[in-house]
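Below is one structure, written out as structure tokens, with a few remarks after it.
For reference, positions follow the sequence shown, starting with 1.
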Amino acid sequence: MFDFFIVQPIFNLLVFIYAILPGHNFGLALIIFTIIVRLLMWPLVKKQLHHAKAMRELQPEIKRIKKQTKGNRQQESMMLMALYKEKEISPFGTIGVLIVQLVILIGLLSGLRRLVDDPDALITFSYSFINHLPWLEQIAGNMARFDQTLFGVIDLTRSAVGGGGTYWPAMALVLGSAVTQFYSSKQLMPTDENSRSLKQILNDAKEGKKADQSEVSAATGRTMRYFIPFMIFIVTAGLPSALALYWFTGGLIGYLQQAHILNQDKQELLSTADKTKTSDKKVIEGEVVEKPKKKPNKAKKSSKKAKRRRKK
């Protein structure tokens with residue numbers, strides 16, 4: 001079921017791009033495949049980024065609720081759920097995107113494994129209408145014509161670390177994957193000079209000092225910023241370098257997408273701030289303007305003088 005609904009469609013999309021691509025380079029086909037996947041996922045990624053930003057903005061409110069409930073878990077949970085409902089935010093809003101990314105990654109890995117173990121899978125595991133594409137018909141009788149490299153430089157079926165020692169071209173992709181993941185995570189992390197590290201929080205806990213759960217979560221997130229790239233390095237080093245190329249390309253595109261969203265949010269904040277300043281300036285100017293004093297009416301003055309003369 002997983003092969004039929006997940007692995008085979010992903011594999012065939014990659015093979016289709018490879019078959020119609022001028023030059024028929026498998027590495028370039030994989031890069032284009034990654035770009036297409038990231039563009040298709042853009043609405044979900046955009047929603048995930050806005051959700052993460054909204055959750056960060058709620059941290060002061062969450063701290064206030066925790067302080068107000070004083071350890072009453074039930075009351076705290078009810079107030080938090082009411083806050084999420086009021087702001088129309090789901091605390092599990094990012095899980096959907098992570099699941100989709102994981103499914104695509106597993107599907108691609110499974111398809112690449114088939115191709116590494118048996119290059120004939122390029123034909124046997126493809127749909128019939130793809131098999132009839134001109135290039136696939138040409139290489140069906142001679143699989144030696146299948147270019148499984150990235151521009152003839154990196155053999156994408158080899159791993160960075162294997163029986164033959166370190167394959168440095170693939171190792172460069174593995175390192176690139178870890179670096180892009182690190183900077184993508186760092187890009188979303190809020191900066192707070194007064195924040196404590198997870199080690200400091202644990203040391204203070206030994207002395208009996210309690211830490212706020214949100215502070216613990218933030219410290220854990222900062223620690224994961226280093227842990228996840230390290231795990232990506234360990235995992236991809238022993239897998240075909242095609243997966244490292246996918247991860248590196250996807251991480252680079254993801255970083256650019258995040259930068260675009262964050263820049264948009266920054267521009268919106270600056271625009272709102274400018275409008276606020278303009279409106280405040282108008283109010284201040286309106287307050288200092290004095291109303292002109294009314295000049296006395298000469299006709300009224302002359303009539304008053306005439307009345308006085310008559311009385312005399």
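For E137, the side chain to side chain donor-acceptor pair (under 3.5 Å) test picks out no residue, with sequence neighbours left out. F182 meets the ring pair (Phe, Tyr, Trp, His ring centres under 6.0 Å) test with Y226; sequence neighbours excluded. Partners of F16 by ring pair (Phe, Tyr, Trp, His ring centres under 6.0 Å), not counting sequence neighbours: none found.
Side-chain atoms of V15 and I123, non-hydrogen and from C-beta on, never get closer than 4.5 Å to each other.
Sorted pairs that involve residues 234-259 and meet ring-ring contact (aromatic ring centres under 6.0 Å, His included), not counting sequence neighbours, are lacking altogether.
Not a single donor-acceptor pair under 3.5 Å links the side chain of T157 to the backbone N or O of P240.
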Salt bridge (Lys or Arg N to Asp or Glu O under 4.0 Å) evaluation trace for R113 with D118:
CA-CA 8 Å; R113 275 293 186 191; D118 180 18; over 6 Å; no

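S185 and Q181 are linked by a side-chain donor-acceptor pair at a separation below 3.5 angstrom, with hydrogens and angles left out of the test.
Residue T236 holds its OG1 atom at 11.0 Å from CG of L109, rounded to the nearest 0.5 Å.
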Report all side-chain donor-acceptor pairs from residues 32-41 shorter than 3.5 Å, counting only partners two or more places apart or in another chain.
unit_1, atom_1, unit_2, atom_2, d
T34, OG1, L30, O, 2.7
R38, NH2, Q257, OE1, 3.2

Which atom pairs, one a donor and one an acceptor, fall under 3.5 Å between side chains of residues 140-150 and the rest of the protein, sequence neighbours left out?
unit_1, atom_1, unit_2, atom_2, d
N142, OD1, A144, N, 3.3
D147, OD1, T149, N, 3.2
D147, OD1, T149, OG1, 2.7
D147, OD2, N25, ND2, 3.0
T149, OG1, G152, N, 2.9

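Checked for salt-bridge contact, R114 and D120 miss the test: no charged N lies under 4.0 Å from a carboxylate O.
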